[in-house]
Amino acid sequence: MAVETEPVTVPELALSDTDINWDRLDKTRFHIIGAILFTAQSALLHPTAVVKTRMQIAGSGLSHMSGISVFRHILKCDGIPGIFRGFGTSAIGSLPGRVLALTSLEVSKDMMLKYTDGLDMPEATRVGIANGVAGMFSNLVSCGYYVPLDVICQRLMVQGLPGTTSCNKPFDVIQNVTKAEGLRGLYRGFGLTALTQSPANALWWGAYGSAQHMIWRSLGYRDDAEKKPSHMEMVTVQASAGMMAGACTSIITTPIDTVKTRLQVMDNYGAGRPSVLKTAKTLLKEDGWRGFYRGFGPRFLNMSLYGTTMIVTYELISNVRYCAGKESEKK
């Protein structure tokens with residue numbers, strides 16, 4: 001006797017469902033699942049961060065080599081552990097920081113979307129503004145936590161290079177830095193990070209939000225249309241928008257990142273404390289304006305891939321919990 005079975009259908013999403021409502025998210029599962037997936041994503045991209053950081057340091061002998069050559073050099077000299085220097089500290093240390101960043105991002109974005117609802121402006125502009133303001137606010141909130149973590153991780157990445165202090169463990173870095181400069185040594189580059197990364201974060205999220213809505217519209221999707229995107233289409237569009245946003249942001253922010261990285265890890269800076277101006281002058285003297293784009297290749301690759309993987313992970317987690325919340329409401 002044949003048993004009839006109903007065909008399994010993949011649910012379609014309304015276009016408006018691609019914007020997440022924070023109030024309907026299961027926050028606990030959102031952060032637990034997010035921690036696992038974002039840590040796996042960080043592991044995949046960490047080698048590009050190590051290559052980029054080493055290329056940006058003076059006297060490393062790697063600054064004029066290509067990213068692939070630097071990667072091979074690290075593998076030859078230090079093996080697999082070499083391209084994952086600082087990953088353990090970064091992965092564990094980022095967990096509470098990520099909760100702080102994602103929570104502030106979602107809450108502020110939801111508030112901005114509600115505040116701008118009904119204003120006479122294109123939807124892509126409204127979403128871009130909401131994402132941009134949320135990205136800036138999230139970065140300002142999390143800067144106080146991430147800057148010391150950044151200093152520690154980057155110092156571990158460049159161990160053995162000229163001009164850096166020898167440290168084997170994260171606690172060695174903390175001890176050496178605080179002994180030489182006090183607590184403020186862990187906040188080297190904080191002002192530069194806060195003043196520049198917040199607009200950069202706003203640019204990233206703003207570009208992502210606008211790009212996503214423009215892609216949807218170019219594909220013929222509208223909020224009031226009967227045609228609804230599938231989950232696969234949603235992931236593809238969001239991945240493309242994330243890559244575009246990451247690529248654009250890396251082009252604009254690499255010079256600032258080069259100065260910040262050298263400011264945070266170099267110790268042979270001569271008399272007085274290191275400063276942004278002193279670091280920039282030294283970099284300009286060594287390589288001219290092209291020196292500000294040291295490590296651009298790995299950083300471009302890192303931010304483009306990061307934009308793709310991060311936003312797909314972020315949106316998938318959000319939409320899974322969001323859709324589950326909507327289903328439970330219907331019941």
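Everything quoted here is computed from the prediction, not taken from an experiment.
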Self-check item: Residues T258, R294; criterion side-chain hydrogen bond (donor to acceptor under 3.5 Å, both in side chains); working and verdict
Solution: CA-CA 7 Å; T258 302; R294 282 183 178 180; over 6 Å; no
Exercise. Could you walk me through whether F292 and L283 pass the side-chain contact (heavy atoms from CB on, under 4.5 Å) test, one step at a time?
Key: CA-CA 7 Å; F292 288 93; L283 189 59; 3.6 Å; yes
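Evaluation of the side chain to side chain contact (heavy atoms under 4.5 Å, CB included) rule for I252 yields L203 as partners, not counting sequence neighbours. By the side chain to side chain contact (heavy atoms under 4.5 Å, CB included) test, I251 is found to be paired with F296, F300, residues two or more places apart in sequence or in another chain being considered. Remark: F71 engages no residue in a ring pair (Phe, Tyr, Trp, His ring centres under 6.0 Å) (not counting sequence neighbours). Scanning for side chain to side chain contact (heavy atoms under 4.5 Å, CB included) contacts around L183 gives L186, with sequence neighbours left out. For F137, there are no ring pair (Phe, Tyr, Trp, His ring centres under 6.0 Å) partners, not counting sequence neighbours. Remark: A207 pairs with A245 by the side chain to side chain contact (heavy atoms under 4.5 Å, CB included) rule, at least two apart or across chains.
Applying the side chain to side chain donor-acceptor pair (under 3.5 Å) rule to pairs touching residues 140-153 yields D150-K260, sequence neighbours excluded. Applying the salt bridge (Lys or Arg N to Asp or Glu O under 4.0 Å) test to pairs two or more places apart or on separate chains, none has a residue in residues 206-216. Applying the salt bridge (Lys or Arg N to Asp or Glu O under 4.0 Å) test to every pair with at least one member in residues 134-143, sequence neighbours left out, gives no pairs at all.
A distance-only check finds no donor-acceptor pair linking the side chain of S104 to the backbone of V141 [under 3.5 Å]. The backbone N or O of Q175 lies less than 3.5 Å from a partner atom in the side chain of T178, making a donor-acceptor pair.
Grouping Ile, Leu, Val, Met, Phe, Trp and Tyr by side-chain contacts under 4.5 Å, direct or through others, leaves Y115 on its own. M214 shares a hydrophobic cluster with no other residue; no ILVMFWY side chain has heavy atoms under 4.5 Å from its own.
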Give every donor-acceptor pair under 3.5 Å between a side-chain atom in residues 88-95 and any protein atom, sequence neighbours left out.
{"residue": "S94", "atom": "OG", "partner": "S90", "partner atom": "O", "Å": "2.6"}

